[in-house]
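I have placed the structure first, in the form of structure tokens, so that the comments after it can refer back to it.
What you are looking at is a predicted structure, and each value in this text was computed from that prediction instead of being measured.
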Amino acid sequence: METPPTSWRCWPWSLSACRSTPPPSPPRGSPTSPRSTSGPPPSSGSLFSLAIGERDEHGVGLRVHPTLVPRGHVLAGVQGAFNAVLVQSDALGPSLYYGRGAGMMPTAVAVVSDILEVARDLLAGLYSRPGPTGQVPSAIPAPIALRPLADVVCAHYLRFRAPHVPGVLGRVAACLGRHGVSIRRMSQETPSDDGSAAMVMLTEPVADGPLAAALVEAALPVTRLRLLAD
């Protein structure tokens, strides 16, 4: 992976690219289908597809996934054909870049802009010429340390489907606690005709690794969504 320009390395930064179009719906009845995620999210948020990049003293974290965005967040207002990029840095603070991401002219502008940027960088000597394979090697050889997804820390929305019998809720809560997962809020839906009930939980911020291990141990159908911090 190519290293960002030197000026980027002066400050910790984070970047969130938001698509206003929701991700495609899985087949009905699948663990992540709209039916299995019914009920209002505890965060009163909206579901967006986000590409998130973060850099700090530990390296770079890169991820793309559906994310619950709180309604009061600046990205929650991205609708229709518009996309947005939110940049957060220590020096500048938050800055939002917002515009149309679909349609003939917006797409043409994006393609031509990319071509002009590549040409400008080649003329400035920032990158060498393409090699026989078509690859353009970076002029900056410094490696980048990528943080594993298991180390990403954020709050989560969890929705379990379990038999409506005594002790199930306690077992799930104990399982989460053994892996260091704290519950911020929890609610249980009305049991369905098949005798099962949905438990909806909002966790405190926790690393992906311990939470994933807890969900494997719980051995229950679960829908998990990461929450974007306010």
Side-chain angles (χ1 to χ4, degrees), residues 1 4-5 8 11-55 60-121 149 152-159 184-185 187 189 198 200-203 205 208 222-230:
M1 177 175 292
W8 286 23
W11 309 100
W13 53 265
S14 67
L15 180 149
S16 300
C18 173
R19 291 192 54 144
S20 59
T21 304
S25 299
R28 184 175 180 84
S30 68
T32 56
S33 69
R35 181 179 179 181
S36 66
T37 56
S38 61
S43 60
S44 297
S46 301
L47 187 62
F48 285 85
S49 178
L50 294 188
I52 301 174
E54 300 168 312
R55 181 164 188 162
V60 173
L62 302 172
R63 49 198 169 104
V64 180
H65 50 70
T67 307
L68 278 177
V69 177
R71 290 181 181 173
H73 196 281
V74 64
L75 290 179
V78 180
Q79 301 294 335
F82 287 87
N83 292 343
V85 176
L86 176 64
V87 179
Q88 176 77 39
S89 68
D90 284 355
L92 179 63
S95 57
L96 182 70
Y97 304 88
Y98 178 82
R100 293 185 180 275
M104 181 175 63
M105 295 307 295
T107 302
V109 169
V111 172
V112 173
S113 296
D114 288 346
I115 294 174
L116 291 176
E117 182 177 0
V118 170
R120 183 173 61 247
D121 289 347
L149 184 60
V152 172
V153 176
C154 63
H156 289 76
Y157 165 88
L158 304 176
R159 186 173 186 274
R184 180 189 305 176
R185 197 190 318 174
S187 64
E189 299 178 3
V200 178
M201 298 181 181
L202 182 64
T203 75
D208 252 58
V222 60
T223 294
R224 180 178 69 157
L225 294 171
R226 297 175 180 88
L227 273 65
L228 188 65
D230 292 331

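- Looking at heavy atoms from C-beta onward, Leu96 lies in side-chain contact with Leu75 at the 4.5 angstrom threshold.
- Heavy atoms of other residues, nucleotides or ligands lying less than 6.0 angstrom from CZ of Arg100 number 12 at most.
- One distance of note links CZ of Arg185 with OH of Tyr157; it measures 11.5 Å at 0.5 Å rounding.
- Rounded to the nearest 0.5 Å, atoms CZ (Arg120) and OG (Ser113) are 9.0 Å apart.
- Side-chain contact between Pro205 and Arg184: present, with at least one pair of heavy atoms (C-beta onward) separated by less than 4.5 Å.
- Here the side chains of Asp208 and His156 are in contact, with some heavy-atom distance below 4.5 Å.
- Atom CG in Leu68 sits 6.0 Å away from atom CG in Leu47 (nearest 0.5 Å).
- Under the 4.5 Å side-chain criterion, counting only non-hydrogen atoms from C-beta, Leu227 is in contact with Leu202.
- Nearest heavy-atom pair, Thr203 versus Ala155, reported as atom, atom and distance to 0.1 Å: O-CB, 3.3 Å.
- We find the CG-NE2 distance between Leu50 and His65 to be 7.0 Å, quoted to the nearest 0.5 Å.
- The shortest heavy-atom contact between Ala84 and Tyr98 is CB-CD1, 3.9 Å.
- For the pair Pro70 and Ala76, the tightest heavy-atom approach, listed with the atom from each and the gap, is O-CB, 3.4 Å.
- Summarising the geometry, atom CZ belonging to Arg226 is positioned 5.0 Å from atom CG belonging to Leu149; distances are rounded to the nearest 0.5 Å.
- The line from SG of Cys154 to CG of Leu225 is 10.5 Å long, rounded to the nearest 0.5 Å.
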Carefully, step by step, assess Leu92 and Val87 under the rule side-chain contact (heavy atoms from CB on, under 4.5 Å).
CA-CA 9 Å; Leu92 179 63; Val87 179; 5.6 Å; no
